[in-house]
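The structure under discussion appears below in the form of structure tokens.
Per chain, numbering begins at 1; letters A, B, ... match sequence-line order.
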Amino acid sequence: MKNQLYLYNTLSRKKELFEPLIPGRVGLYVCGPTVYGDPHLGHARPAITFDLLTRFLLHLDYKVRYVRNITDVGHLENDADEGEDKIAKKAKLEELEPMEVAQYYTNRYHHYMSLLMVKDPSIEPHASGHVIEQIEVIKSILDKGYAYESNGSVYFDVKKYDEGFPYGILSGRKVEDLISNTRTLDGQNEKRSAPDFALWKKAAPEHIMRWPSPWSEGFPGWHLECSAMSKKYLGEQFDIHGGGMDLLFPHHECEIAQSTVDTGKVPARYWMHNNMITVNGQKMGKSLGNFITLEEFFTGNNKNLEQAYEPMTIRFFILQAHYRSTLDFSNAALQAAEKGFDRLRQAIENISKINPSDKSSVDIPAFEQNCYAALADDLNSPILIAHLFDAVKMINSLVAGNLSISESDLLQLNQLMNLFVSDILGLDVSLGQSTNDSSKLDEVMDLMLQVRSDLKNNKDWATADKIRDELNRIGFEIKDGSSSATWQLK
RNA sequence: GGUUCCUUGGCCGAGCGGUUAGGCACUGGUCUGCAAAACCAGGUACGGCGGUUCGAGUCCGCCAGGAACCUCCA
């Protein structure tokens, strides 16, 4: 029943059958956050995309080692002499220890990811904890002649690399184009050529995050941490490398070049890139200032938000679009997702109300096959969700008695809904009623409904409706059935 | 300027050569004292112009509009 998994590989620009290097095992590396700002909706996308991938791989019985880094050093704010580590800049602004800032945002990231039901990676290496490994990679590249030292900094020689290796295999860039089209930046004089990128940067005097190296007191270059840490934890070659599309160039292209010189191999065989989340058609990003933090989503405290949204609404919203498509944020879209998810949630609750028959008029194996086929086709979560809504309709019809289902099929249906909704899509469908005092609440509500029933029997519609309306106002939804009434918290 | 990608119904969002995507909203019906929920039924679509094909949102070309990357970024 489980299909073979096809994944879109950016390297080949087509869907490919996924075959791991070592049968039964998957090495996955995903570019994690730079911890200098609060996690926002953009951070949720790759986290959820690769969480879905991991959950599905685990379900397919692969042993997965999922490495997702924390970038707490190494990305430059400006080029060359103005070079300053982002973390350090923010730290000075707030007069905090740089690592204190990094730790604060790392904690925040973890907190919000767990609210979104994103599972922890197997290993979460910090760039700052792997400076030694990064220096080793630089030495290796220098030894092989593909890097040069300049004024205490070390640069990767892209032109030389391009002579013997296919620079641009991932992004399709050509070195000549890069040379002629690169925008004029300050301090290019240390580099031999514009596309060259830093492996090690000498720290400016005011730069407080610095480490000793054979070349200078400084810090590792832009793209080095991923090469060094993926090699350390997943080996010279591993299965899947993931990240946002905005990292495709230059980050991943440079990573491939570094690793190829260092180890002789393209580090990952499958490269997966999630698309951006946009606001009014424009990328949601730190530098654009149009991002909404996850905290704001959950509290509703942002001028762009008409209301607060539950973490599961956001997860469902993201999963309703394919990971390689842009997804446009709007309150209307979020609210539609909220209602849709609620219907799904309610249907799962309703499964327990179904009475089995001798035989089925529904096709559960077909439903199962459809779900697996959707996931196997490059993690097509929107198609999977469409099939789940077919099941919602099926469940409600079964409850209404329009369809019939055998006991074994019912058991199977229940398991499949649980599998796809909870285990694989990672959606928490519990309705959030606290269990502590719910029994007393149940008793009170039963009493209210009993009183209403008596009123209705006496044709006192006005009082009966008043009770229903008032309960509605408080937040209880009353559903009058033909024989009895039920209620639920809205 | 270079590279890559996108344009689907009121909104979101799949599909990518021939058969209902799905959700939200909307309309009619069933049920109900009336509602709500649920169920049944229904409508609205592939940016424009050419081309390939028996047949094109789906392939090709041109045009228009938009985006991402080329600079830290998920």
Side-chain angles (χ1 to χ4, degrees), chain A residues 13 30-34 36-37 39-50 71 74-79 85-86 89 168 171-174 176-178 180-183 185 194-195 222 242-251 253 273-278 281-288 291 316-317 320-322 324-330 332-341 343-344 346-347 350 374 377 380-390 392-393 395-397 399-403 456 459 461 464-465 468-469 472 477-482 485-486 488 490:
Chain A
R13 287 163 199 274
V30 175
C31 291
T34 304
Y36 70 106
H40 58 77
L41 192 58
H43 291 102
R45 189 118 197 237
I48 289 172
T49 296
F50 294 103
T71 298
H75 285 235
L76 300 174
E77 181 76 70
N78 300 305
D79 205 62
D85 193 306
K86 273 185 192 170
K89 183 177 186 184
S171 63
R173 306 292 159 123
K174 290 188 171 56
E176 312 88 74
D177 295 344
L178 290 172
S180 57
N181 288 318
T182 299
R183 293 176 190 181
L185 295 165
W222 317 9
M245 271 186 188
D246 49 350
L247 299 179
L248 211 157
F249 188 87
H251 183 58
E253 194 70 62
H273 296 275
N274 64 273
N275 215 138
M276 303 291 102
I277 287 180
T278 59
Q282 232 199 358
K283 175 180 164 180
M284 184 179 283
K286 180 92 181 162
S287 51
L288 296 165
F291 65 98
F316 184 75
F317 171 69
Q320 262 192 316
H322 185 81
R324 283 191 291 113
S325 300
T326 54
L327 172 59
D328 197 56
F329 157 82
S330 71
L334 257 305
Q335 285 158 9
E338 183 175 54
K339 285 181 185 167
F341 179 58
R343 202 157 83 87
L344 176 64
Q346 194 59 51
N350 286 345
D377 183 16
N380 200 325
S381 55
I383 292 289
L384 171 59
I385 288 171
H387 292 310
L388 292 174
F389 274 104
D390 289 341
V392 166
K393 198 169 236 183
I395 289 164
N396 287 330
S397 290
V399 173
N402 298 337
L403 293 171
K456 281 161 68 180
K459 299 206 187 303
W461 309 124
D465 286 354
R468 183 178 62 196
D469 293 345
N472 220 289
E477 187 166 35
I478 307 303
K479 300 175 188 174
D480 284 337
S482 47
T486 58
Q488 69 176 78
K490 286 198 285 192

Exam field: side chain A/H43 to backbone A/H40, donor-acceptor pair closer than 3.5 Å = yes
Taking only N and O in the side chain of A/N275, is any of them less than 4.0 Å away from OP1 or OP2 of B/C5?
-> no
Measure from the side-chain N and O atoms of A/N380 to the backbone N and O of A/I383, and report whether any donor-acceptor pair falls under 3.5 Å.
-> yes
Could you walk me through whether A/F329 and A/T278 pass the side-chain contact (heavy atoms from CB on, under 4.5 Å) check?
-> CA-CA 6 Å; A/F329 157 82; A/T278 59; over 6 Å; no
Assigned glycosidic conformation for B/G66 [threshold 90° from 0] | anti
Length of the line joining A/L384:CG and B/G15:C1', which is rounded to integer Å = 16 Å
Could you write out each protein N or O paired with an N or O of nucleotides 21-23 of chain B at a distance under 3.5 Å?
unit_1: B/G23; atom_1: OP1; unit_2: A/R343; atom_2: NH2; d: 3.2

Donor-acceptor pair present, A/R468 side chain and B/A36 base, under 3.5 Å = no
Please state the P separation for the pair B/G57 and B/U8 - nearest whole angstrom.
-> 15 Å
With a non-hydrogen cut-off below 4.0 angstrom, is A/L334 in contact with a base, only sugar-phosphate, or nothing?
-> nothing
5' priority, RNA chain B, between A/P33 and A/L327 [closest heavy atom] | A/L327
Given atom CG of A/L178 and atom P of B/U4, what is their separation to the nearest angstrom?
-> 13 Å
Give the nucleotide from the list B/C70, B/G13, B/U4 with an atom nearest to the side chain of A/R13.
-> B/U4
For A/D328, answer base if it contacts any base atom (sugar-phosphate contacts may also be present), sugar-phosphate if it contacts only those atoms, and nothing otherwise; contact means non-hydrogen atoms under 4.0 Å.
-> sugar-phosphate
With C1' as the reference atom in both, quote the distance from B/C40 to B/C31 in angstrom, rounded to an integer.
-> 11 Å
Rounded to whole angstrom units, what separation is found between the CG atom of A/D377 and the P atom of B/C16?
-> 7 Å
NA contact type, A/M276, heavy-atom cut-off 4.0 Å: base, sugar-phosphate, or nothing?
-> base
Please answer whether the main-chain N or O of A/P382 pairs with a side-chain N or O of A/Q320 as donor and acceptor at a distance below 3.5 Å.
-> no
Residue A/W461, side-chain atoms from C-beta onward, closest of B/G33, B/G15, B/A67 = B/G33
What distance do A/I395 atom CD1 and A/L344 atom CG have between them, rounded to the nearest 0.5 Å?
-> 8.0 Å
Nearest-angstrom distance, C1' atom, B/U71 to B/G10 | 40 Å
Can you tell me the distance, in whole Å, between the CD atom of A/E253 and the C1' atom of B/U3?
-> 12 Å
Can you tell me how far C1' in B/A36 sits from the matching atom in B/G47, rounded to whole Å?
-> 41 Å
RNA chain B in dot-bracket, Watson-Crick or G-U pairs under 3.5 Å, [ ] crossing, | other strand?
-> (((((((..(((.....[...))).(((((.......)))))....(((((..]....))))))))))))....
Counting side-chain heavy atoms from CB outward, which of B/C69, B/A38, B/C34 is closest to A/D465?
-> B/C34
Take atom C1' in B/G61 and the same atom in B/A68, then report the distance between them in whole Å.
-> 24 Å
Base, sugar-phosphate, or nothing: which does A/G42 touch, judged by heavy atoms less than 4.0 Å apart?
-> base
Below 4.0 angstrom from OP1 or OP2 of B/A14, is there any side-chain N or O of A/S325?
-> yes
Ranking B/A14, B/C70, B/U3 by distance to the side chain of A/D177, first place goes to B/U3
What is the distance, rounded to the nearest whole Å, between atom NZ of A/K283 and atom P of B/C6?
-> 18 Å
Go through the steps for A/R324 and A/N274 under the test side-chain contact (heavy atoms from CB on, under 4.5 Å), then give the verdict.
-> CA-CA 5 Å; A/R324 283 191 291 113; A/N274 64 273; over 6 Å; no
Please work out if A/L247 contacts a base, only the sugar-phosphate, or nothing of the nucleic acid, heavy-atom cut-off 4.0 Å.
-> sugar-phosphate
Measure from the side-chain heavy atoms of A/R173 and tell me the nearest of B/A68, B/C70, B/C11.
-> B/C70
Between A/G242 and A/F50, what is the shortest heavy-atom contact and its length?
-> CA-CZ, 3.5 Å
Expressed as a whole number of Å, how far does the P atom of B/A56 sit from that of B/G50?
-> 14 Å
B/C39 phosphate, OP1 or OP2, under 4.0 Å from A/N396 side-chain N/O = yes
Could you tell me the separation between the CG atom of A/N274 and the P atom of B/A68, rounded to a whole number of Å?
-> 15 Å
Over-ring placement of A/R173 relative to A/F249, 6.0 Å and 45° cut-offs = yes
A/F341 and A/F316 aromatic ring geometry - parallel, tilted or perpendicular at 30°/60° bounds = tilted
Pairwise P distance for B/C54 and B/U44, with rounding to whole Å | 30 Å
A/D246 CG to B/C5 P, straight-line distance once rounded to whole Å | 17 Å
How many Å lie between CD on A/Q346 and P on B/A38, as a whole number?
-> 9 Å
Write down the atom of A/G172, the atom of A/R13, and the distance for their closest heavy-atom approach.
-> N-NH2, 4.0 Å
Touch class at under 4.0 angstrom, heavy-atom based, for A/Q335 against every strand present = nothing
Counting N and O atoms only, with roles assigned by atom type, does the side chain of A/T49 sit under 3.5 Å from a partner on the main chain of A/R45, one being a donor and the other an acceptor?
-> yes
For the atom pair OG (A/S397) and CG (A/L403), what is the distance rounded to the nearest 0.5 Å?
-> 5.0 Å
Short side-chain N/O contact to B/C40 OP1/OP2 from A/S397, under 4.0 Å = yes
Given RNA chain B, 5'-ward residue of the pair A/V392 and A/A464, judged by closest heavy atom = A/A464
With rounding to whole Å, what would you report as the distance between B/U20 and B/U27 at their P atoms?
-> 26 Å
Could you tell me whether the side chain of A/D328 and the main chain of A/G281 form a donor-acceptor pair under 3.5 Å?
-> yes
